[in-house]
Amino acid sequence: MSSESLSQQHERLGHAVTRLISEHAAQLDSAPVTASATPADLKQLFDEALPIAGTSGEEILAQFARDVAPHAMQIPSPRYFGQFNPTPLAIGVWADALCSALNQNAGAWHNGPTSAMIETQVLRWLCELIGYGPSAFGTLASGGSEANLIALKCARDGALDRPSGRAPRDICEHGMRAMDADLTVYASEQCHFSVEKSVDILGMGRKSLRKIETDERFHIRTDLLREQVETDRRDGRIPCCIVGIAGATSTGVIDPLPELAAIARENHCWFHVDAAYGGGLAFSEKHKEKLLGIEQADSITFDPHKWMFVPFACGATLVRDGGDVLRRSFDISPEYLSEDRGGADVEYDFFRYGQMGTRRFNALKLWMGFKFMGKRGYAETVERHIQLTEYLVSRLDELPDFERIGEIETAVCCFRYLPEAVRASSPEEQDRVQQALQQRIEKSGKAFFPSTILHGRRALRVNINSFLTERRHVDDLVELLREEGKALLNRLKSN
Ligand SMILES: Cc1ncc(COP(=O)(O)O)c(C=O)c1O
């Protein structure tokens, strides 16, 4: 160990890391967005023997600068148009450092009093934004996947008392044996894969998830949902939960939430809204009406590490009827965390509200993000991203070789490259062309966006999720699409 004091080490390393971070930020606009190294290339860089002797901080940081940063995916780039992954706010990046320095254990009040209080506060802000009343509460989670799992556990555990009035903790105590019929969960075929994983983890089985078809704009078909619920009920199953999506992963669209709320109510189902991405619309007076109905949800997933530019990882589950609902599903009192201090602190023990024990003080970066941006700052950014996406749409609509898919409801645009020669080819060939174009652009390093599958067909998908992205970046993207599309077409013709 160094003979320097801890404070001196922070001073020295802090300066060096500050330089690395600011240099990284300075080249974000010009550096390649994508990493070209293969797993074999990177294995060579990191395949070292177990370190026996310690290494100086300077040497470690030099290796970071040489081997780690240059091969990173440049998610913070204004030319990264990927999967709801944002440019992180500077205040959030430094909040992470402060969080690590304090190293609060946000699991129990006693191990992190300010962390518990700040988490409580940011959850209240999120609940207020979304239109929940004062009794709502929630918990931060590692991301949308965990947030969905937490919500679905509440849905599962509440299934017994809703129509039958049986003991509230029966499923917690006895598992699915407490049920005399299978539970079913409903979501559109566009739902995030974490919903399917969740029903599996919760012992209901992946087949218990009914993936309902979507309409031509990729919203859940409520007529088919109603039919499926009826069929399940007739077959002796218990419809347990309806999941609506606000900002679907592939298309960014929002399911008809008021209608889903009504179907859930009529069928004594829990209503969960996965607003991991689309929750950000709540900041904007102009766009928040798209979320109408979300306030009727029993639970909501809202990821600050998507449209709030909080560095990974930070998700949230919000519950309309408050912390008691979460505690009924998750509370436990281990001997070493159950000293009686008069009771008031227990409600700030976040290990009682979810799966995690030791928890990071993630509320800090969210709290600082809220304060730095303010509701207005977030609203302006969300509105600008939607405008930029509409601008992209207007540019694509001018190009006969590109065909747009669906409508813009958030900052996601899906489209296909279909010049005449490709349009005349088979669906499989058209799919291959989309993939080839996506890969050419990824390889160029000039931008990144993924492809996805919509109604069985491959499509290109662009999401604007960086506060650094400007019109000129969208223009460059359109130019890149044209150039690479043309080059691809020439290659196909010459084959
Ligand atoms: C709609 C939706 N829900 C949930 C998730 C899962 O979030 P995370 O990746 O933070 O676990 C995503 C991720 O993109 C998503 O798009």
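Every value quoted in this text rests on a predicted model; they were computed, and no experiment measured them. Whatever order the structure lists them in is the order used to number ligands and atoms, beginning at 1.
Counting heavy atoms closer than 4.0 Å to ligand 1, residue Ser145 contributes atoms from both its backbone and its side chain. Contact annotation for Lys306 and ligand 1: only side-chain heavy atoms (C-beta onward) come within less than 4.0 Å of the ligand. Under 4.0 angstrom from ligand 1, the non-hydrogen atoms of Asp303 all belong to its side chain. Residue-level proximity to ligand 1 for Asp274 is carried by the side chain, the only part with a heavy atom below 4.0 angstrom.
Taking a 4.0 Å cut-off on heavy atoms, Gly315 fails to register as neighbouring ligand 1. Under a 4.0 angstrom heavy-atom cut-off, Tyr277 registers as lying outside contact with ligand 1. The closest approach between His305 and ligand 1 falls below 4.0 Å for a heavy atom of the residue.
In terms of N/O distances under 3.5 Å, ligand 1 is not approached by Phe84.
Ranking the protein heavy atoms by distance from atom 8 (P) of ligand 1 puts Gly144 N, 3.4 Å first.
Aromatic pair Phe449/Phe81: centroids not less than 6.0 angstrom apart.
Shortest non-hydrogen contact noted between Arg461 and Gln83 is NH1-CA, 3.8 Å. The two atoms that bring Ser198 and Leu152 nearest to each other are CB-CD1, 3.5 Å, heavy atoms only. Closest approach of Phe415 and Arg404 over heavy atoms only: CB-CA, 3.9 Å.
Less than 4.0 angstrom separates some heavy atom of Gly247 from each of these atoms of ligand 1: 1 (C). If you number the atoms of ligand 1 from 1 as listed, the ones under 4.0 Å from a heavy atom of Gly143 come out as 10 (O), 11 (O). Residue Ala276 has at least one heavy-atom neighbour below 4.0 Å for each of these atoms of ligand 1: 2 (C), 3 (N), 4 (C).
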(request) Please step through side-chain contact (heavy atoms from CB on, under 4.5 Å) for the pair Asp324 and Val319, ending with a clear verdict. (result) CA-CA 9 Å; Asp324 285 352; Val319 180; over 6 Å; no
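When side chains are defined from C-beta on, Phe402 does not count as touching Arg416, because their heavy atoms never get closer than 4.5 Å.
At a threshold of 4.0 Å, the pair Lys446-Asp476 does not count as salt-bridged, since none of the basic side-chain nitrogens sits closer than that to a carboxylate oxygen. A salt bridge is absent between Glu347 and Arg327; no separation between the charged side-chain nitrogens and carboxylate oxygens falls under 4.0 Å.
Among Asn85, Val273, Thr249, Val412, the residue whose heavy atom lies nearest to atom 16 (O) of ligand 1 is Thr249. Residue His192 holds the heavy atom nearest to atom 6 (C) of ligand 1 of all those in His192, Gln83, Gln190.
Residue Ser451 forms a side-chain hydrogen bond (donor to acceptor under 3.5 Å, both in side chains) with just one option from Gln438, Arg458, Gln434, and that option is Arg458.
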